[in-house]
Amino acid sequence: MTGEWIGDWHLGPGRLVVAGRFGSTQPHHHPAVQVTVALTGEFVASDGRDRRTCRAVLIPSGVRHALAPVDDTTRALSIYLHPATADARRLTGLAGEGPAGWSAAAEAATRTTFDDDLSLEAMTESVLTALRGRTPAPEAIPPKLRHAFDLLGALLPRKLYLRDLAAAVALSQSSLSRLFAAETGAGFPATVRWARLIHALGEVGAGRTITDAAHAAGFTDSAHATRVCREMTGVAPSALVRHRQLRADLG
């Protein structure tokens, strides 16, 4: 981590939004479509081969990447969109390859201006509006895959097996596995891990401790949840809890 995270976060239907100073992430991938925009300064995006210093990126689901702030003055807004949402499917059509392509795809977001009193929800809508206009409406997600996504959330915190989910949506394991890979780029295990993280953050937002939230989401323990959260967002859940408590104290 580069410094301690200071910022704000919001979990809404189909999206996680984290804003503020963030830590360097190790190369990783997740099923969410990610848009990150520098609010101040710049950050470095990498795919393990190429690096690019930029002010915004649009990273497709399932693509291996790492982000790092240029220095402690960097503040960013990161939007993680569930792959089944219309926005995620729409923006996937914009995304290029590698850091240069990610940056080019998000260039319209760098022209977005934010007033100091804007909420995270309003900032997110401003960024997404700037990007939506560049691509046509997306095709609907395959119905059986949408059903599988819905079941993932409903079945937590239990241990999830591809064979059980495939049976529930009347597909073979191989067919459902191919659907997950094609639509998220991340495959079934990473999709489950992401679903657990989002569920745990929802529990944290409702006031539960990290340990209780981790167990409610089906993580082995709080350390497991912390590793996944830090890996995928660059922020430890303990920092998110501290922010929630500070916000409550301030009323």
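Basis for what follows: all heavy atoms, side chains included, without hydrogens, waters or symmetry-related copies.
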Checklist entry - Do Glu125 and Arg15 pass the salt bridge (Lys or Arg N to Asp or Glu O under 4.0 Å) test, and can you show the C-alpha distance, the side-chain angles, and the key distance before you say yes or no? => result CA-CA 11 Å; Glu125 283 304 315; Arg15 65 179 64 162; 2.9 Å; yes

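Residues Leu39 and Val35 fall within the same hydrophobic cluster, defined by Ile, Leu, Val, Met, Phe, Trp and Tyr side chains chained together at heavy-atom separations under 4.5 Å. The cluster map of Ile, Leu, Val, Met, Phe, Trp and Tyr, joined by side-chain heavy atoms under 4.5 Å apart, puts Leu128 and Leu77 in the same cluster. Note on Ile79: it clusters hydrophobically with Leu131, by side-chain heavy-atom contacts below 4.5 Å among ILVMFWY residues.
Residues Thr124 and His10 have side chains not in contact (no heavy-atom distance under 4.5 Å, counting atoms from C-beta outward). Residues Trp102 and Pro60 form a side-chain contact, since some pair of their non-hydrogen atoms from C-beta on lies under 4.5 Å apart. Taking the side chain as every heavy atom from C-beta outward, Ser78 and Gln34 approach each other to under 4.5 Å. Side-chain contact between Asp164 and Leu155 is absent, with no heavy-atom pair separated by less than 4.5 Å. No side-chain heavy atom of Asp47 sits less than 4.5 Å from a side-chain heavy atom of Val63. Within the 4.5 Å cutoff, the side chain of Leu240 has heavy atoms near those of the Leu201 side chain. Residues Ile141 and Arg89 have side chains in contact (heavy-atom distance under 4.5 Å, counting atoms from C-beta outward). With contacts defined as side-chain heavy-atom distances shorter than 4.5 Å, the pair Leu16/Ile198 qualifies.
The backbone N or O of Ala100 sits nowhere less than 3.5 Å from a side-chain atom of Ser103 that would complete a donor-acceptor pair.
Relative ring orientation between Trp194 and Tyr80 is described as tilted, the plane-to-plane angle lying within the 30° to 60° band.
Aromatic rings from Phe149 and Phe180 are positioned such that their centres are separated by under 6.0 Å. Ring-centre distance between His28 and His65: below the 6.0 Å cut-off.
In this structure, Val37 and Val127 approach most closely via the heavy-atom pair CG2-CG1, 4.0 Å. The shortest non-hydrogen separation linking Asp221 to Ala214 is O-CB, 3.7 Å.
A distance of 5.0 Å separates OG1 of Thr25 from CG of Leu67, quoted to the nearest 0.5 Å.
A donor-acceptor pair shorter than 3.5 Å can be found between the side chains of Thr73 and Asp71. Residues Thr211 and Thr209 have side chains that never bring a donor and an acceptor to within less than 3.5 angstrom of each other.
The local environment of CZ in Arg75 is crowded, with over 12 non-hydrogen atoms from other residues, nucleotides or ligands closer than 6.0 Å. Heavy-atom neighbours of Glu121 CD from other residues, nucleotides or ligands within 6.0 Å: above the threshold of 12.
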